[in-house]
Number of protein chains: 2
Amino acid sequence: MSNFVAVKTGNIKNRKYHTIQDYIRKRIQTGKYPVGSYLPSENEICGQFGTTRTTVRKALDELLKEGFIEKEQGKGSKVLERRKSLGLLTVKGFSGSIDYKVKTVVTKGPKITEWNPVIAFSLTEEEKKSNCVYFQRVRYINDRPVVLENNWYASNELQLIDSDAFIEGSFFKTLSQNHFIEVMGAEQELRSIPASKEVAKNLGIQEGSPILHISVRFRTSKPGLNLYGDLYCNTTDYPIRNSYFL
Amino acid sequence: MSNFVAVKTGNIKNRKYHTIQDYIRKRIQTGKYPVGSYLPSENEICGQFGTTRTTVRKALDELLKEGFIEKEQGKGSKVLERRKSLGLLTVKGFSGSIDYKVKTVVTKGPKITEWNPVIAFSLTEEEKKSNCVYFQRVRYINDRPVVLENNWYASNELQLIDSDAFIEGSFFKTLSQNHFIEVMGAEQELRSIPASKEVAKNLGIQEGSPILHISVRFRTSKPGLNLYGDLYCNTTDYPIRNSYFL
DNA sequence: AAAAACAACTTGTATGTACAAGTTATAATT
DNA sequence: AATTATAACTTGTACATACAAGTTGTTTTT
């Protein structure tokens, strides 16, 4: 580490602060810097990389922007549970509150298939050339099914991952820890629709009940890889929440 | 400007970069730096404020974070239409696309009233002590009503603004330009519900149809001022959209 | 007139220094 | 032992300098 030299080739990936950012992010993703722990101090990181504090601070500010850490003057940089800091729509009962019993059941395990025309976003040309991986999940709160979720992604950008290999049952956590892939953005479309027969059956409600339908495309840190989702939510007892702060 | 001196009193509002940030933001809000135009260069701003580029860049980076500008190497900092850059839920037809005819009609003009218990978020103690301003709007796309919207805010934090005084019919634009108040965050809750008699009447749909109900609390740049909203959306033809990027 | 080369200008990255402001640990006092 | 004062440590702000990399305008060449 102490022999680190920035290569000035015009490729920003070789920029010093980027390399430091990537190094720290990877250690967070792999649990070397666990959630809740404090990173080494800025001066310590300076020593490790043989660079100035300005450069280290730039790397840390980028990690702050990505939602990996929060900083406090005099105290240090603390690793965050990243998902919580994104402006994603989440089910109220899935907030980590200790009052609810939550679980996710994979009802259709990942398999290679063709793209489903129900996907609300237009595919890239590269995606169209590829088959996709598809899987389905149902999320429960207090043993009640509240979300039926279909997921797709291009199989030529990311291999099929068996749901048995999902870390703590979480697909996103698996991407982060095993593949170093992060969600970097999303587009979402919301509609209120009557529950179809299939949705009603999976969510244990009456056909025709109002259901929140969310179509989503997640942009990831891996170029070319988008994750598509189609969610059907029963919001009777648990609304969908979203928050963001500048 | 050239005699500017930072006051080191521990109050970050007196920090140099903050003052520069505030100055530029105000000029954006008042149209002195119109949307689409380029700010003075970093070196020019250095000259204006008698400070270093590091400090100016810090101010610009904060404006970037707030969504007021975008920066491009070699070109400059361009003023953005801010609303577009926030992760807010918006109606698809309100995206500024030239294909739709949009309008907003104030169906109940702003008046002082008591807080409505339908508000989904708990009020602060200060808010509870105050009356509130309430108004209602209906948004149309191609002459079809698509959103019925109720709004409230504490009247002791912000005076009643007559809807005739809304700039271009927009409450938020009025806050920004006349009061220098910006939305800095939001919490939203989404439910799918059957349309009540009132909602159905306002949206011209059948009672009991699935409706997207959005409760929202906007956090603003003015301490103590929150804006509460209750929206009922007919998503049949125009879904609600949301996107964000890190 | 059009294309290429060059200069001027703009933002991006990195170095280094210094002091401010906050947190935590240690030492001194009661 | 508990409280207070001090020191050590941490992040925040600002100054200054230098070079890189991109955009735009001007000049030179074809």
Side-chain angles (χ1 to χ4, degrees), chain A residues 1-24 33 36-66 68-80 246, chain B residues 1-24 33 36-66 68-80 246:
Chain A
M1 282 301 144
S2 56
N3 292 332
F4 174 74
V5 177
V7 182
K8 302 188 177 181
T9 61
N11 180 352
I12 70 167
K13 285 298 176 181
N14 292 325
R15 292 293 197 240
K16 253 189 180 174
Y17 81 87
H18 248 102
T19 303
I20 297 171
Q21 180 187 355
D22 291 344
Y23 173 82
I24 295 174
Y33 294 148
S37 70
Y38 282 83
L39 300 184
S41 74
E42 292 174 358
N43 285 325
E44 283 169 336
I45 300 175
C46 288
Q48 290 171 12
F49 286 91
T51 189
T52 63
R53 192 149 80 95
T54 303
T55 306
V56 169
R57 292 181 61 77
K58 177 73 179 174
L60 292 182
D61 283 345
E62 292 295 316
L63 287 164
L64 187 70
K65 216 182 294 179
E66 280 184 297
F68 281 99
I69 62 173
E70 66 181 2
K71 302 180 80 176
E72 187 176 345
Q73 181 171 342
K75 198 162 183 175
S77 302
K78 180 172 161 185
V79 179
L80 282 185
L246 295 178
Chain B
M1 282 301 141
S2 58
N3 292 332
F4 173 73
V5 177
V7 180
K8 305 189 177 182
T9 63
N11 180 352
I12 67 169
K13 284 300 177 181
N14 292 324
R15 291 295 199 240
K16 253 188 181 175
Y17 81 88
H18 247 103
T19 303
I20 298 171
Q21 179 186 357
D22 291 344
Y23 174 82
I24 295 173
Y33 294 149
S37 70
Y38 282 83
L39 299 184
S41 75
E42 291 174 0
N43 285 325
E44 282 170 337
I45 299 173
C46 288
Q48 290 173 15
F49 286 90
T51 189
T52 62
R53 192 149 81 96
T54 303
T55 307
V56 168
R57 291 182 60 79
K58 176 72 179 175
L60 292 182
D61 282 345
E62 292 295 316
L63 288 164
L64 186 71
K65 216 183 293 180
E66 279 185 299
F68 280 100
I69 62 173
E70 66 182 1
K71 302 180 81 173
E72 186 178 343
Q73 182 171 343
K75 198 162 184 176
S77 303
K78 181 172 163 185
V79 179
L80 282 184
L246 295 178

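Just so it is clear: chains get the letters A, B, ... in the order the sequence lines come, proteins before strands, and each one is counted from 1. The structure displayed is predicted, hence computed values, not measured ones.
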Quiz prompt | Distance (rounded to the nearest 0.5 Å) between E62(B) CD and I69(B) CD1 | solution = 10.5 Å

Quiz item: To the nearest angstrom, how far is E70(A) atom CD from dG12(D) atom P?
Solution: 11 Å

Quiz item: Would you call R57(B) and Y17(B) a side-chain contact if the rule is heavy atoms closer than 4.5 Å?
Solution: no

Practice problem: Mind checking side-chain hydrogen bond (donor to acceptor under 3.5 Å, both in side chains) for T54(A) and listing every partner two or more places apart, or none if nothing turns up? | Solution: none

Quiz item: Taking side chain as C-beta onward, heavy atoms only, is K65(B) less than 4.5 Å from K65(A)?
Solution: no

Quiz item: Is any side-chain heavy atom of F49(A) less than 4.5 Å from a side-chain heavy atom of K16(A)?
Solution: no

Exercise. Could you tell me which residues satisfy side-chain hydrogen bond (donor to acceptor under 3.5 Å, both in side chains) with K71(A), sequence neighbours excluded, listed by chain and number?
Key: E42(A)

Exercise. Say whether, by atom type as modelled, one donor and one acceptor occur between the side chain of Q48(A) and the main chain of I45(A) under 3.5 angstrom.
Key: no

Practice problem: Report yes if the side chains of L64(A) and L60(A) come closer than 4.5 Å at any heavy-atom pair, otherwise no. | Solution: no

Quiz item: Looking at the side chain of T52(A), which of dT13(D), dG16(C), dG12(C) is the nearest nucleotide?
Solution: dG16(C)

Exercise. Report yes if a side-chain nitrogen or oxygen of T54(A) is closer than 4.0 Å to either non-bridging phosphate oxygen (OP1 or OP2) of dG16(C); otherwise report no.
Key: no

Self-check item: Non-neighbouring partners of K78(A) that pass side-chain hydrogen bond (donor to acceptor under 3.5 Å, both in side chains), sequence neighbours left out
Solution: none

Quiz item: Taking DNA chain C as the partner, which of residues 55-64 of chain A come within under 4.0 angstrom of it by heavy atom?
Solution: T55(A), K58(A)

Exercise. Compare all side-chain heavy atoms of Y33(A) with those of I24(A) and state whether any distance is below 4.5 angstrom.
Key: yes

Quiz prompt | Candidate nucleotides dT11(D), dT13(C), dA14(D), ranked by approach to the side chain of Y17(A) - the nearest | solution = dT13(C)

Practice problem: Compute the bend angle of the helix from dA1(C)-dT30(D) to dT30(C)-dA1(D) from the end axes (five pairs per end), rounded to 10°. | Solution: 0°

Check the interface with nucleotides 7-10 of chain D: list each N/O to N/O pair with the protein under 3.5 Å, or write none.
residue, atom, partner, partner atom, Å
dT10(D), O2, G74(A), N, 3.4

